[in-house]
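What follows is a single structure, written as structure tokens, with notes after it.
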Protein chains: 4
Amino acid sequence: MARTVNEEKRLERRKRILEEAVILFAENGYSNTTTALIAKNIGVTSGTIFQYFPNKEALFHAAVLEPLEDIQKKSLALLQQNGTPAELLKNMVKDQFDHIYFYTNELRLVQSVLGQRIRFPELTQKVLDSIKVMTDKIESVYAEGQSMREFNPGFSPAMISRSYISFLNGVALTLGEDIVHHPEWENLKAHAYYLFAPVQHSKN
Amino acid sequence: MARTVNEEKRLERRKRILEEAVILFAENGYSNTTTALIAKNIGVTSGTIFQYFPNKEALFHAAVLEPLEDIQKKSLALLQQNGTPAELLKNMVKDQFDHIYFYTNELRLVQSVLGQRIRFPELTQKVLDSIKVMTDKIESVYAEGQSMREFNPGFSPAMISRSYISFLNGVALTLGEDIVHHPEWENLKAHAYYLFAPVQHSKN
Amino acid sequence: MARTVNEEKRLERRKRILEEAVILFAENGYSNTTTALIAKNIGVTSGTIFQYFPNKEALFHAAVLEPLEDIQKKSLALLQQNGTPAELLKNMVKDQFDHIYFYTNELRLVQSVLGQRIRFPELTQKVLDSIKVMTDKIESVYAEGQSMREFNPGFSPAMISRSYISFLNGVALTLGEDIVHHPEWENLKAHAYYLFAPVQHSKN
Amino acid sequence: MARTVNEEKRLERRKRILEEAVILFAENGYSNTTTALIAKNIGVTSGTIFQYFPNKEALFHAAVLEPLEDIQKKSLALLQQNGTPAELLKNMVKDQFDHIYFYTNELRLVQSVLGQRIRFPELTQKVLDSIKVMTDKIESVYAEGQSMREFNPGFSPAMISRSYISFLNGVALTLGEDIVHHPEWENLKAHAYYLFAPVQHSKN
DNA sequence: TATGAATGAGTTTTCATTCAT
DNA sequence: CATGAATGAAAACTCATTCAT
């Protein structure tokens, strides 16, 4: 039991380090973020970081992958619920775009990895794998939706799911602090769903 | 005349440095690209770089902005030609996606800047300004197309142009070497134009 | 208490760096003294210097100003003691010239700054300010001595104090290792006091 | 004859380089003065300097020694004229202090060498030799003046001449642009001569 | 476990000097 | 002779990482 308390403390501190790392890596890039600054920002000294992560690169890996998995998990869960494919996808889009600002740092981190594939090859692979899990799921839900005539059957599910992920990333990338409060924002969100080419029954 | 020869040589070499810088910065990121490596890759010694650029950051700025301007100029020219708005935009989309692989490095460079706004504030501003010129132009062409009933009049031109640019960037970001030769690629290109919500008169 | 031990260690090491810096800067000049050499001479590695001084220039500033202040303080204290102005000034001259060899490096450092005013403008100003404190004090003591008929009343105290400081600096500048042990040395010291134009009552 | 014209041109340009070198070395120090700047300031390109001086150090040597010799020559000439020792020395002091501002750069250069003896050992030696020629001459003139009862016979000529040179250097060192136009300046000049301890016959 | 001083390899940048034109 | 591009050695400074306390 005493162990557990210590264990909890350790996890708590590890989490704090990771949180700060996500912010700083996302804002300043990998190389321009010093481990000393991360340490300072959370009120520990430089050596402490290395009690929790073997080196800076491992910390970066964790900062990129762990939040990505959380986000994925959440989105996958949304697609596992009850509802028609169209409802599920609409729901997922809404959720992702509603939280896009909240996850900006995490998404930028992912993007920065994709922008430096040669430098971080294994990490890139893991990120792409993680994204693939997502697109695969979207693909299968979409295909089912097509068979139910909820979506235009003329499009390839693989292409559609890629398009959506690209769009999501592109929006996050060009996202500024001002945009989510911009009057156009709601329309942009709607347009994300439009990418799926839903069949509009009685919209006309 | 003698001057012109030297001037040409200088420009030629400057161009070579810039080309190599684009490749390396895009592949490895700013901090992980050493000026010495750029020099080595083009067959000069470390000091030579600094005969052409005052420092590494200036080289980075040039590597980001100069190609961006070239790309923009080309795209803007396409929108200035004769043709209906729909034709012009279709043309532009085709051109940009046909060359996306050719410009992957340049686009990634732009993306890496946007991903590190705090670190490169002025450069970020210039990039955003440059992008705005593009979206503004697309907006006006699109609005004209709407008035000509070529595009669905229910969408805001500002949102549409943003969406397209986001999509373009998102695709470039998640683009792998394999994708452009993938059977899905042609469909993805078509989907980019679909974002503009063209009215399909008698296409069926 | 534990803190105090560390603090003391830090101060001790800082002092060692400064001592070595004074020697090397004075002997080789600012630019020709490498931080690596300073480090090596005191048995640490290159990076350690920068744990104690933010950069080379700051180290130089400290190496110039801190000893200067020590010397000033000591001399000012001498002028604050009991005694007639003539006694005080004679005392000060004796002390300064007795220690001139001990402080040669420190004085040369000050001189090298004055010889590069354009390069070290703020430092020059601080040095001049520091010197002014000294000359002002000498001036006032001298003026009092004049009113007491200890000094020739025909001279301007401002000029006299400047002359003395110039002489002191000039001697330090042209001082060689051999001079202080030279038979002429005692006479030179006496001549420094002669600059004050003391009235020789019944010395003969 | 054609040769002579070229020869003159060379000498002229060499002189221009030297003039500029004196200014820049004096103002910024040896290391902080780049050969490229010297070249630029006189309107030639970087390589040209090395057509006239084998390397930077040789240029520095020339910039230090040549003006020093000129100044020495002039002062020695003054001491070779007709007149009593007192007249000659008074004359020399007047001349040197009248021109001290004119020669500030040259004097500072000499001082900067003396301040970096370990770095410029041969140059230091030459400078000290050159100064010795001067002090020797002053010494002999002074000794003659003592024998003629123009100067206080109680002082050692060697000490007196050293004192004067030290004073001259000290004044030049602490000299600011403002001082030569300062009301105290004339008194300071007079005090320089006072160092020689002249016997004031009927001044009272 | 946390600390934080020391390390030292690595990077940018400068600049005297060379040499082909 | 003058040019000025290229060189490459040298120096300041950074920072992840270690380790004695």
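Convention: sequence-line order gives letters A, B, ...; per-chain numbering from 1. Just so you know, these numbers come straight off a predicted model, no measurement behind them.
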Apply salt bridge (charged side-chain N to carboxylate O under 4.0 Å, His left out) to E20(D) and list each qualifying residue two or more places apart in sequence or on a separate chain.
R16(D)
Can you sort out the partners of T124(D) under side-chain contact (heavy atoms from CB on, under 4.5 Å), two or more places apart, ordered by chain and number?
V113(D), L114(D), R117(D), F120(D), L128(D)
Neighbours of DNA chain E within residues 49-64 of chain B, by heavy-atom distance under 4.0 Å
F50(B), N55(B), K56(B)
Which residues satisfy the salt bridge (charged side-chain N to carboxylate O under 4.0 Å, His left out) test with R13(B), sequence neighbours excluded?
none
Less than 4.0 angstrom between a side-chain N/O of R13(D) and OP1 or OP2 of dC1(F), yes or no?
no
Residues passing the side-chain contact (heavy atoms from CB on, under 4.5 Å) test with T45(D), sequence neighbours excluded, are T48(D)
Look at the side-chain N and O atoms of S46(B) and state whether any lies under 4.0 Å from the OP1 or OP2 oxygen of dG8(F).
no
Can you sort out the partners of N32(B) under side-chain contact (heavy atoms from CB on, under 4.5 Å), two or more places apart, ordered by chain and number?
R119(A), N28(B)
N105(B) versus L109(B): any side-chain heavy-atom pair under 4.5 Å?
no
Phosphate-side-chain proximity, T48(A) and dT3(E), N/O vs OP1/OP2 below 4.0 Å:
yes
Check salt bridge (charged side-chain N to carboxylate O under 4.0 Å, His left out) between E69(D) and all other residues, then give those that pass, not counting sequence neighbours.
none
Taking distance alone, no hydrogens or angles, what donor-acceptor pairs closer than 3.5 Å link side-chain atoms of residues 57-65 of chain C to residues at least two apart or in another chain?
none

Atom-to-atom span, CZ of R10(D) to C1' of dA2(F) - whole angstrom:
11 Å
Ring pair (Phe, Tyr, Trp, His ring centres under 6.0 Å) against F53(B), all qualifying residues, sequence neighbours excluded:
none
Please map the stems of DNA chain F, keeping only stretches of three or more Watson-Crick or G-U wobble pairs with both distances under 3.5 angstrom.
E:2-21 with F:2-21
Members of residues 17-41 of chain C that approach DNA chain F, where some heavy atom sits under 4.0 Å away
T33(C), T34(C), T35(C)
Please list, chain by chain and in numerical order, all residues satisfying ring pair (Phe, Tyr, Trp, His ring centres under 6.0 Å) with Y52(A), sequence neighbours excluded.
none
